[in-house]
Structure formats: structure tokens, C-alpha cells
Amino acid sequence: MANGFYVSKFVAFVGFFFAVAAAATIITLAVVYSNEKSKNVQNEGIASNAITPTGTTAKPMTKTPASNEIWDKYRLPRNLVPEHYNVDLRPILTKNEKGLYIFRGVSKVYFTCMIATQYVIIHSNKLNYTKDLLLTDANNNVIPIKKHFFAEKTNYLILELNEQLQAQKNYILSTEYDGELADDLEGFYRSEYVEDGETKIIATTQMQALDARKAFPCFDEPALKATFNITIRHKPDYVALSNMNPIDVSNETWNAETWQVTKFAQSVKMSTYLVAFIVSQFSPAGNETVKANIWGRKKAIVDEKQGDYALDKTGLILEFLQDYYNYSYPLPKSDQVALPDFSAGAMENWGLVTYRDTALLYDPNESSIGNKERVVTVIAHELAHQWFGNLVTIRWWNDLWLNEGFASYVEYLGADYAEDTWNIKDLAVLNDIHRVMAVDALASSHPLTSKEEDVNTPEDISALFDSITYSKGASVIRMLSSFLTEELFKTGLQAYLKKHAFDNTVYYELWESLQEAYDNEANRVYLPATIGDIMDTWVLQMGFPVVTINTTDGSLTQKHFLLDPTSVVNHTSPYNYTWFVPISFVTNSSVEGHVWLTQETGMNSSFHLTGDNDWLLANINVTGYYRVNYDDRNWDRLLQQLENNHTVIPVINRAQIIDDSFNLARAQIISTTRALQTTRFLSKDKYMKQQVEPLFWHFNTTTNNFKDRPETLTEQYNEINAVSMACSYGIAECEQLVTELFQEWKNTKINKIHPNLRSTIYCNAIAQGGEDEWNFLWEQFNTTTNAQEADKLRAALACSKEPFILNRLLEYSLDPNKIRRQDTLSTITNVANNVVGQNLAWDFIRANWKTLVDNIGGGMSFGNVISGVSRRFNTDFDLQQLQDFKKFNTDNNIGFGTATLTLEQAIEKTRANIVWVKQNKDAVQNWFEGAMGHRDENTHI
Ligand SMILES: *[C@@H]1O[C@H](CO)[C@@H](O)[C@H](O)[C@H]1NC(C)=O
Ligand SMILES: *[C@@H]1O[C@H](CO)[C@@H](O)[C@H](O)[C@H]1NC(C)=O
Ligand SMILES: *[C@@H]1O[C@H](CO)[C@@H](O)[C@H](O)[C@H]1NC(C)=O
Ligand SMILES: *[C@@H]1O[C@H](CO)[C@@H](O)[C@H](O)[C@H]1NC(C)=O
Ligand SMILES: *[C@@H]1O[C@H](CO)[C@@H](O)[C@H](O)[C@H]1NC(C)=O
Ligand SMILES: [Zn+2]
């Protein structure tokens with residue numbers, strides 16, 4: 001059979017081994033985890049489908065030679081410091097004679113000269129100045145401009161003056177300009193949607209990181225905070241929003257038409273990347289008490305009330321955050337807007353947060369429990385930034401990890417407050433810690449921090465929006481909060497916000513505030529060093545340790561954990577790859593404790609076990625960012641305990657034992673059979689199918705043949721998992737359920753499938769079906785008005801087993817009339833995740849690489865396309881293809897956009913897979929044959 005269809009028995013075993021940790025975790029944990037969720041994970045910033053669209057140039061990662069002119073440097077000189085901006089914009093939502101949508105701008109920048117200079121250097125990108133630039137001093141005297149010019153590469157407008165501007169004096173630069181309102185999702189941009197058969201246009205913004213300069217000339221660095229007076233001119237049947245409330249609305253006549261002029265109150269002091277304004281025909285759902293509004297398409301908000309859930313939770317989350325930060329919400333209002341076209345998942349613009357439709361709107365009739373969870377966590381994340389990030393801002397992008405890591409941690413706390421029956425905090429281990437450890441265990445990983453001087457170009461900055469920044473950031477902050485105690489962490493955090501409000505910081509200033517709080521606390525926990533010294537070991541060196549606890553003699557050792565132990569680490573570490581490791585533990589006799597491992601090795605009498613059945617479990621609830629290994633005797637006893645009565649082990653640690661052991665086996669620290677043994681407790685007799693079948697019948701019975709929903713969040717996720725696993729293991733009743741539900745929908749045109757089950761049912765129906773089913777779903781995709789439903793349908797379209805259908809979908813992914821640009825990347829990745837589609841996607845990517853790099857290669861998560869397609873690579877042939885791909889695109893100067901590092905990681909991972917498969921295939925095969933008896937030749941895994 002053609003490559004990719006036939007999964008031999010052996011490949012199935014290996015595939016099973018690679019997949020089992022995750023799969024077993026799903027079953028073990030009575031906590032949330034679903035396929036649906038993992039398909040949808042896209043945080044703001046690291047949206048898995050974040051892209052820059054066609055038309056913008058994604059530059060290869062080549063550095064231009066250094067030059068000595070100040071305007072050739074990416075960082076602004078510090079001669080001039082902005083105080084205030086007046087920005088007055090008129091977006092014209094009809095095409096001009098050249099077929100372009102444009103906006104007209106009038107701006108004044110008020111700045112102070114700190115160091116005398118003959119140049120005004122200010123960011124400006126793709127703005128056409130339509131009137132002479134005017135520079136004046138505070139007394140309105142005109143300062144003559146000798147000439148002005150642009151520095152393309154660094155996006156500067158440069159004014160050369162006859163005389164120097166003087167230190168401590170104030171100046172004003174006045175400009176008038178035109179800009180294009182392109183559909184490029186950057187700066188001030190245009191987005192379209194269809195409502196009641198009519199195409200409607202929105203003008204909206206996405207400034208982070210470097211695109212405020214595309215809307216108005218500005219000193220576009222986060223540390224150069226200023227106040228803003230924003231005025232927006234628009235047609236009266238549109239509404240304008242900005243960071244602040246409108247203070248004045250009047251009419252004017254322009255081009256013989258009536259236009260409305262909406263003036264907004266002067267903003268608080270803020271960074272340019274947080275400025276936002278939107279002109280739309282959206283409708284609000286509002287709550288006067290909390291001064292919050294949810295905006296979106298009229299149909300969604302007014303007719304279908306899809307904003308109500310977000311509105312309800314916003315009130316609760318703001319309440320939680322004001323208490324957590326001990327600081328009132330810093331602005332007079334909070335608007336949150338659902339946009340049909342948006343590159344990231346959401347963006348925390350101060351007072352005017354923007355979201356993808358799917359991350360804000362919730363429709364009980366169409367949305368699944370996973371959609372709901374995403375809405376509440378993304379809102380909590382963005383609102384957490386309104387203080388941490390917006391009120392107190394990083395000085396430069398190199399500290400992005402602090403900003404994003406913090407919000408990615410606090411989102412769980414806020415969501416937990418808003419949905420207090422969900423146990424949502426348990427998800428951090430699966431969604432962040434275990435997920436990012438997979439990347440951070442590679443020799444090609446990188447430390448959380450970068451030096452300020454190493455982050456300059458737009459590509460440097462884009463590359464920072466990765467899973468290390470978000471998920472490792474969240475993991476180490478969670479660890480810090482946990483070892484300090486949450487109370488003390490809060491006290492220090494509150495002092496930090498108060499001290500630095502409306503200002504900028506570098507990461508260690510948070511440690512300083514926490515240290516102060518610690519020093520002032522009489523009743524404090526023991527720490528082996530200052531908070532700064534402890535945290536430096538986690539943020540200045542990449543990776544994490546595996547801690548080996550030997551209960552025979554009570555010794556502990558730590559070692560840098562590398563998935564491939566033979567890989568060469570090029571980064572040198574200032575700490576020689578040792579960490580300050582906080583170790584919480586519990587024993588079979590319920591003795592709990594906490595110790596620190598501060599060097600490579602240590603000894604602790606608590607870890608020396610003497611009783612015959614004594615065991616010890618470390619890293620309780622995986623609050624520490626590390627893996628744990630034990631001596632053989634302790635492993636045996638832990639596994640015995642799991643088999644006898646697994647409920648004694650905390651639920652998160654059951655997942656940890658499996659995940660740690662499989663990863664330790666991959667890294668050749670423990671034997672493969674040991675890892676496989678950890679999954680034995682999942683099932684007393686045989687394997688997955690036998691495990692899955694009872695689960696399927698359990699839900700079948702308790703939910704009245706999947707007509708009702710289980711009560712708790714956990715059970716709802718488990719129901720989804722049961723159906724999804726049962727179908728993928730070919731259980732006939734599951735296939736029948738899918739066929740019946742799908743055919744009923746197809747025949748009656750009425751969709752009675754519960755939203756929770758839709759992703760799974762759709763996907764299996766397409767996998768089982770042919771072109772007819774696929775065409776039906778494609779039609780549904782084109783007609784649905786619900787973005788979450790559209791995502792479910794689009795994901796299912798990639799489940800086909802027919803290569804010609806998958807190739808069709810791949811072609812569609814590059815056609816913006818068929819699939820929105822924001823969804824190109826995730827569509828290709830969906831196909832790659834399908835066993836049948838993996839090679840097709842890989843061929844497609846290689847054939848269209850230049851187009852992909854040109855169109856979307858500068859986007860923040862472009863690397864996903866490489867990691868997605870190479871996920872299962874484990875042969876020399878795969879490795880050769882990756883290396884040829886690298887060589888060809890390097891030699892031909894096409895490059896890899898922001899996927900450069902991901903490609904290195906994919907090569908490293910493939911190498912590790914090859915080595916592992918060679919060394920372990922016999923052991924895995926023997927173990928399975930012993931444990932499972934006979935399996936079908938053709939099992940798809
Ligand atoms: C700005 O000028 C360039 C070069 O003349 C032109 O291609 C572009 O369309 C102009 N943009 C606007 C918004 O007028
Ligand atoms: C502005 O014009 C619109 C439409 O012509 C009208 O409804 C509105 O009352 C006017 N507003 C003011 C402040 O004059
Ligand atoms: C900005 O707007 C405020 C009103 O919100 C006004 O008092 C102030 O003068 C304006 N600043 C400038 C420079 O126009
Ligand atoms: C507005 O928010 C407050 C505080 O969360 C809540 O008590 C109230 O019920 C909300 N009102 C509406 C109309 O939703
Ligand atoms: C644990 O300690 C015992 C006694 O010192 C030693 O024999 C054994 O090799 C150690 N095991 C591990 C895994 O380090
Ligand atoms: Zn964020």
C-alpha cells in the first residue's frame with residue numbers, strides 16, 4: 001500500500017509507545033484533557049495559527065551588516081522622549097480610485113529632548129506623508145527642517161535639522177499622512193464579514209509588537225510610555241471604540257457626506273503597543289455595574305446572546321483580580337471585542353481587548369465544554385494583563401516571558417474563581433508543564449531570558465512568542481508561588497505593582513519586591529538562597545533537571561534532562577546545569593515534607609526508607625518544574641501501590657508517574673519495560689481496546705446512549721475521550737453511533753449532535769465516509785455563522801482517509817476565499833496530524849515552501865507547521881529529507897521565517913527517535929506480545 005496507509009505491527013508498537021503516555025494520561029486522569037482542547041490550544045500571542053498574511057514580506061532570518069548610522073540601529077536613541085500624542089484618524093471603508101482602502105491621519109507628537117541632537121528619529125512604517133512635516137517648540141516657534149528621509153529596514157522617519165534641539169526643552173512634531181487599511185492583520189487593518197447577505201467592514205488594530213508605527217508616527221518601544229488623545233472619524237452608522245471612553249461626539253461634513261467625530265478621553269500613561277481603536281457596526285452586551293461590554297456581530301450578540309457568558313465571567317474575573325492585585329482596575333471601562341479575523345488568539349490592549357470570535361463568544365447550543373473553558377481562560381489571561389503588562393510593563397521584549405508567563409499562570413487562578421467547580425488549576429500540568437518539557441528537553445532549547453542587546457529585529461521579537469515564553473514562564477512562576485506560598489507571593493506582587501505602576505521594569509525587579517515581602521514576613525518558609533539566586537537558575541539556563549531519589553541510602557542527585565542523552569548542548573550555562581530544586585514529598589505513611597536540592601548531589605534522612613513496603617513520592621501535584629526518577633525498589637513499590645489502590649496517589653501525580661517514566665525511558669535513564677509497567681494499573685488484563693470498551697459502555701449507559709451529558713467538567717471531557725478512543729480503536733458500536741448521528745443530520749439538515757461530541761463525531765464520520773460526507777461538511781463549513789462550529793468542521797475536514805480529498809484541502813488552505821488566512825497554518829497542521837495526511841502535508845509544505853515563507857513565514861507560530869509534520873519522524877529517510885529541506889532552502893536563500901529554531905528541534909528530535917527505535921524495538925515488541933497477546937496487523941494508531 002502507499003506510503004502512510006499501512007501501519008505494520010512493529011510501527012504500531014512504536015507508535016503506541018510514543019503515544020501511550022499521552023493516551024494513558026487521558027484515561028488515568030479524572031481531569032480535563034481532550035483532543036478537542038489540544039486542537040484548539042492557541043493563546044494570545046502564540047496562536048497556533050498566527051500568521052502574517054499575503055502581501056507582507058516575511059524576511060528570512062539573515063542579519064543585515066552592521067552600520068554606524070544611528071538610524072540603522074533597531075533601538076531608538078534616547079535623545080527624545082515622548083510625553084503625549086494626539087492621533088486623529090479617518091478610516092475610509094470604501095475603495096478609492098486605485099482600488100485601495102485607506103485611512104487618513106493627523107498626528108501631533110509632544111516630546112522632550114533629553115540629550116541635544118540634530119535629528120528627530122521616530123518610527124513610521126508604510127505611512128505616506130501628504131503635507132509638509134512641521135516641527136515646533138513649546139512656544140509655537142517653527143524649527144526649520146533641513147531634510148527628511150526614511151530608513152526602510154528600521155522603519156524610521158528621520159528629520160535632519162539645521163540646528164540642534166536643546167536638552168530639557170519640549171517640542172511638537174505635526175504630521176498628516178495616508179496609510180493603507182489592508183487586510184494584513186497588522187497595525188490599523190481591515191477585516192470583513194458577511195451578515196444577512198451583506199458584506200460588512202471593520203477597521204481595527206493589532207499593534208503588538210511593532211505595528212503602532214503603521215498607524216501613526218511614534219516612538220514605538222514599550223518603555224516610551226505616553227498619554228494619548230485619540231479621535232476617530234467615521235460614518236454615523238458605525239461605532240468607534242478606543243482604550244478610553246468617548247468624551248465628545250459631533251458631526252461634520254466631509255466630501256459632501258455627514259461623518260461623525262468621536263473624541264476619546266485622554267488616556268493614562270501607556271505603551272504604544274497597547275493602543276487600540278476599532279470602527280465597526282458591532283453591538284454590545286453590557287453591564288453598567290462593572291463598566292464592561294462585550295462587542296461582536298449583531299446577530300451573535302443581540303440575537304443569539306453569545307456575549308452573555310463572557311460578560312458574566314468578566315465581572316467575576318475582574319473582582320478576583322482586583323483582590324489578587326489589591327489594586328482597582330486601572331481604567332474607567334473594559335471593552336472586549338470578538339473579531340472575525342484575528343491573527344493571535346487575543347490581545348490585551350488596555351481597556352479594549354480583542355479576541356478571535358472563538359475565544360470570546362459562547363453559544364450553549366453550538367459550543368462545547370472545551371469552547372467554554374477556552375473562553376473563560378483566555379478572558380482571565382487578558383484581564384490579568386490589564387495590570388501585569390499594561391500598568392507595569394516590561395522595559396523591552398527580551399523580558400516577554402515574564403509578562404506572558406505570569407498571565408499564563410494567573411489565567412488558571414482567574415478561571416478557577418469564575419468556574420469554581422471545574423478544578424481547572426489541575427490543567428496547568430498537562431497544558432503547560434508537560435507540554436513545554438517536551439521542547440525544553442532538547443539540546444536546541446533556549447533559556448527563558450535573552451539579553452536586551454540580543455533582541456533587536458522584528459524576527460528576533462516574533463521568535464520570542466514561543467511555548468518556552470508562555471508555558472515554561474507559567475511553570476516557573478507557578479513553582480515560585482508554590483514554594484513561597486501563595487499568600488507571600490501575593491504580598492510581594494502587590495508591592496511590585498504599587499511601586500512600578502505606569503512604569504517599566506526588568507524581570508528581577510519582581511524578585512526584589514518578593515524578596516522584600518519575604519524579609520518582612522515573620523512566619524516565613526525556609527529558602528536556601530535569595531529569591532533572585534534561586535530563580536536565576538531557572539531563567540538564565542535552559543532546560544530542567546531530572547532529580548533521582550535513592551530511597552536505599554537517602555541520596556538525591558540532579559542532572560540536566562536531555563531527551564537524547566548523546567546530543568550536544570551548545571549553550572553554556574552559568575550554573576553548569578544545576579538548579580535550586582524545591583522538592584515536596586509524601587510517603588506511604590502520609591509523612592509530608594519539603595526539602596531543597598541546591599547542588600548536584602545531596603543527602604536527606606527523610607528519603608531513606610527502611611520498611612519493607614515503604615514508598616516515597618516527590619514533586620506533589622507537579623508544582624516543581626522537573627522530572628523525578630527513583631531507585632528500582634521505590635519504583636517497584638510505587639507501581640505496586642498504583643496497582644493495589646491507585647487512589648492513594650494524588651491524581652496529578654498518577655499522570656506524572658506515567659509521563660516522567662516514559663520520558664526517562666526515552667532519555668535512556670530507566671528501562672523501557674519499566675515505563676510500560678507504569679501503565680499496567682490502567683487495566684488489569686489487556687490493553688487499550690479492552691480499556692476503552694468499558695469506558696464507552698459506561699458512558700453509553702449513564703448518558704442514555706450519549707443523549708444526556710454527565711454532570712462535572714471532568715466527566716464531560718472523559719465522555720468525549722471515551723467516544724473518540726472507542727472509535728479510533730474500531731469499536732463497532734461507536735462507528736454505528738457516528739454513522740447514525742451524522743446521517744440523521746445529513747438527511748434532515750437538522751444537527752442534533754451535542755456540541756461536546758461534534759468534533760469527534762464529525763472527524764470519525766469523515767474518516768469512515770467518502771467524498772459525499774466530505775462535501776456535506778464543506779458546505780456546512782461555508783454556511784455556519786458560528787466560528788467555533790466552523791473550527792470544528794474545518795478540523796474534521798482533515799480527518800479523511802482519502803489522499804485526493806486531503807490534497808484538495810491542502811490546496812484550499814492557501815486560498816483566502818476558501819479558508820481564512822488566520823487558519824492556513826492550522827489547516828495544514830491538521831492534515832499533518834492525520835496518519836494518512838502526514839506525508840501529503842510534508843510534500844505540500846516542501847512544494848509550497850517559498851509561498852508559505854513569503855505569506856506567513858513571519859508569523860509568530862510559523863514553526864508549528866514543521867513540528868506538526870515531523871512529529872512522527874523516526875527513520876533515517878525522514879532525517880535525510882529534513883536535512884535536504886534545510887540545505888535546499890538555505891542554499892536558495894528562501895530561509896525558514898520564524899521556523900528556524902523549530903527546524904533544528906525537529907532534526908534533533910528525529911535523530912533521538914531513530915536512536916531510540918533502534919535500541920528499543922525488541923524490548924517494546926516483546927513486552928507488548930507478553931502483555932497483550934495477539935493484535936491485528938493493521939491497527940491504526
Ligand atoms: C503610498 O505610496 C506608495 C508609493 O507611491 C503607494 O504604492 C501606496 O499605494 C501609497 N499608499 C497609500 C495609502 O496611499
Ligand atoms: C449627527 O448626524 C446623525 C445622522 O445624520 C444624526 O442622527 C445625529 O443626531 C447627529 N448628531 C449630532 C450630535 O448632531
Ligand atoms: C487631550 O484631551 C484632554 C481632554 O481629555 C484635553 O484636556 C487636553 O488638552 C488634550 N491634550 C492635547 C495636547 O490636545
Ligand atoms: C453586573 O455585574 C454585577 C457584578 O458582577 C452582577 O452582580 C450583576 O448581576 C450584573 N448585571 C447584569 C445585568 O448582568
Ligand atoms: C542507591 O543506593 C544504593 C546504596 O548506596 C546503591 O547500591 C544503588 O546503586 C543506588 N541506586 C541508584 C539508582 O542510584
Ligand atoms: Zn498574554
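In each ligand, atom 1 is the first atom listed, and ligand 1 is the first ligand listed.
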Original post:
Side chains of Asp614 and Thr587: closer than 4.5 Å at any heavy-atom pair?
Top reply: no
Original post:
Can you list the steps and then say if Tyr412 with Asp432 is a side chain to side chain donor-acceptor pair (under 3.5 Å)?
Top reply: CA-CA 11 Å; Tyr412 291 105; Asp432 288 315; 2.8 Å; yes
Are there any N/O pairs under 3.5 Å between ligand 3 and the protein, and if so, what are their distances?
| residue | atom | partner | partner atom | Å |
| --- | --- | --- | --- | --- |
| ligand 3 | 2 (O) | Asn229 | OD1 | 3.1 |
| ligand 3 | 2 (O) | Asn229 | ND2 | 2.4 |
| ligand 3 | 5 (O) | Gln266 | N | 3.2 |
| ligand 3 | 11 (N) | Asn229 | ND2 | 2.9 |
| ligand 3 | 14 (O) | Asn86 | ND2 | 3.2 |

Original post:
Polar-atom distance check: Tyr630 versus ligand 5, any N or O pair below 3.5 Å?
Top reply: no
Original post:
Does an N or O anywhere in Asp553 fall below 3.5 Å from an N or O of ligand 5?
Top reply: yes
Original post:
Should we say atom NZ of Lys559 is surrounded by more than 12 heavy atoms from elsewhere, each under 6.0 Å from it?
Top reply: no
**OP:** Taking atom types as modelled, find out whether Asp440 and Tyr625 have a side-chain donor-acceptor pair closer than 3.5 angstrom.
**Re:** yes
**OP:** Could you check Tyr273 against Thr393 for side chain to side chain donor-acceptor pair (under 3.5 Å), going step by step and ending with a plain yes or no?
**Re:** CA-CA 11 Å; Tyr273 81 90; Thr393 310; 5.0 Å; no
Subject >> Under 3.5 Å donor-acceptor, Tyr329 side chain and Lys333 backbone >> reply: yes
**OP:** Round to 10° and report the angle made at the Zn ion (ligand 6) by OE1 of Glu404 and NE2 of His385.
**Re:** 100°
Original post:
Take atom CG in Asn613; do more than 12 heavy atoms of anything else shown fall under 6.0 Å from it?
Top reply: no
